[in-house]
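As structure tokens, the structure follows; a few thoughts come after it.
Atoms within each ligand, like the ligands themselves, are counted from 1 in listed order.
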Amino acid sequence: MHNQNAKGAKIGVVLTDPDDWTASTFLKNIRKRGAKALPIVLSTLSASISTSDFSIFNADLKDLKLDAVLIRDVGISFSLEHISFKFDLLRQFENSHIPVLNSTTAIQNAANKFFSFYLFKLAHLPIPHTVITSELEVALRTIEKFGSAVVKPIFGSQGKGIIKLESTQPESEFASKLTELLKERGVLYLQEFVPNPGRDIRVFVVGEEALGAIYRVPRSDSFVSNLSQGATPVKCELTGEMRELAVSAAKALGADFAGVDLIEGEGRLFLLEVNATPSGKGIKRVCGIDVTERIIDLLLERVED
Ligand SMILES: Nc1ncnc2c1ncn2[C@@H]1O[C@H](COP(=O)(O)OP(=O)(O)O)[C@@H](O)[C@H]1O
Ligand SMILES: [Mg+2]
């Protein structure tokens, strides 16, 4: 699979922490192929634009001339302006006709838990019933209907800011919690809680293939199974249903590689989300699969001679 296009190619790796397992393995494995790997921290890039010129440069004022871009991690931003500047920098790489993995569209689709669900629905994929509203009354009626509900940020990750509400609690209790969240977020994302065997499934997809999966078992005091929240990874044998759902989910968002979260409901799987900037560490540790190699193969196949 080692591609001749790799020789001498200059690959930008968008990252925030060069010591993170996925970022450092991307850098190491790109270099192993004989290509150059250039770490790019988006918040250190500047743009210069005039009628006749456009350039992007880093703190050392070196113009960036890249053959491809691999995105590990865009990083958090505290303002809409900052995050949109980062995405505009990436879009400009796309506009200059070099391969960018994942595409900015895929990353934005995946980051948005409303729009991604809309795309999953269009693709006929099984998802838990979800209501998005800024109306407290609608939210209260939804919790009554769901019985057990999770409330999540639309742009959330790593299991942060997710709570579970039960309709058996006194209404005043969850009404005050929802009012507080509405003030903070302006909009609520309410989802039916999927009764599950105390774990979820993270499937790693590259191209059109599911490479492996792990169960993630939450800490005993939590229902959130993100590894970053202290959950334990356990090897999971992929079934046909898992493969098919995970590959279709990544495809629905246009992601070339993805960490797809599934959960085992009663008798069938549900899709929870697609992460288009996933960590490869858990699956390497538990299954011995280095997904970065396959992602680099895919990227280098798209680099022109
Ligand atoms: N509808 C749900 N039913 C049961 N558990 C859920 C549900 N939604 C989320 N969870 C739990 O919370 C975790 C994080 O939710 P997820 O939607 O993947 O958001 P994040 O982007 O923060 O990872 C899931 O991996 C799962 O363990
Ligand atoms: Mg998740």
Protein contact to [atom] [nearest heavy atom, distance to 0.1 Å]:
{"atom": "atom 20 (P) of ligand 1", "value": "E273 OE2, 3.4 Å"}
{"atom": "atom 11 (C) of ligand 1", "value": "F223 O, 3.9 Å"}
{"atom": "atom 27 (O) of ligand 1", "value": "S225 OG, 2.6 Å"}
{"atom": "atom 15 (O) of ligand 1", "value": "I162 CD1, 3.4 Å"}
{"atom": "atom 23 (O) of ligand 1", "value": "N226 ND2, 2.8 Å"}
{"atom": "atom 19 (O) of ligand 1", "value": "K113 CE, 3.3 Å"}
{"atom": "atom 8 (N) of ligand 1", "value": "K152 NZ, 3.0 Å"}
{"atom": "atom 10 (N) of ligand 1", "value": "L272 CD1, 3.9 Å"}

Which atoms of ligand 1 have any heavy atom of [X] under 4.0 Å away?
{"X": "D261", "answer": "18 (O)"}
{"X": "S157", "answer": "20 (P), 21 (O), 22 (O)"}
{"X": "R216", "answer": "25 (O)"}
{"X": "G156", "answer": "21 (O)"}

Look at [X] together with [Y] and state whether they make a salt bridge at an N to O cut-off of under 4.0 Å.
{"X": "E241", "Y": "R268", "answer": "no"}
{"X": "D290", "Y": "K284", "answer": "no"}
{"X": "D67", "Y": "K36", "answer": "no"}
{"X": "R33", "Y": "E293", "answer": "yes"}

Contact region, D200 to ligand 1, non-hydrogen atoms below 4.0 Å, reads side chain
Under 3.5 Å between some N or O of ligand 1 and some N or O of [X]?
{"X": "N196", "answer": "no"}
{"X": "V150", "answer": "no"}
{"X": "I263", "answer": "no"}

Is there a chain of hydrophobic side chains (I, L, V, M, F, W, Y, each step under 4.5 Å between heavy atoms) that links I289 to W21?
no
Hydrophobic side-chain clustering at under 4.5 Å (ILVMFWY, transitive links): who's grouped with I263? Put none if nobody.
V194, F270, L272
Please report the interatomic distance [atom1]([X]) to [atom2]([Y]), rounded to the nearest 0.5 Å.
{"X": "I98", "Y": "R302", "atom1": "CD1", "atom2": "CZ", "result": "13.0 Å"}
{"X": "L101", "Y": "F26", "atom1": "CG", "atom2": "CZ", "result": "8.5 Å"}
{"X": "L300", "Y": "I11", "atom1": "CG", "atom2": "CD1", "result": "5.5 Å"}

Heavy-atom closest pair, residues [X] and [Y]:
{"X": "H129", "Y": "V131", "result": "NE2-CG2, 4.0 Å"}
{"X": "L271", "Y": "P128", "result": "O-CD, 3.3 Å"}
{"X": "F223", "Y": "K164", "result": "CE2-CB, 3.6 Å"}

Among K251, R243, R294, which residue meets the salt bridge (charged side-chain N to carboxylate O under 4.0 Å, His left out) test with E208?
K251
Centroid-to-centroid, Y118 to F115, below 6.0 Å?
yes
Let's test this: below 2.8 Å, count the protein N/O/S atoms around the Mg ion (ligand 2).
2
Any atom of ligand 1 sitting under 4.0 Å from a heavy atom of R202?
no
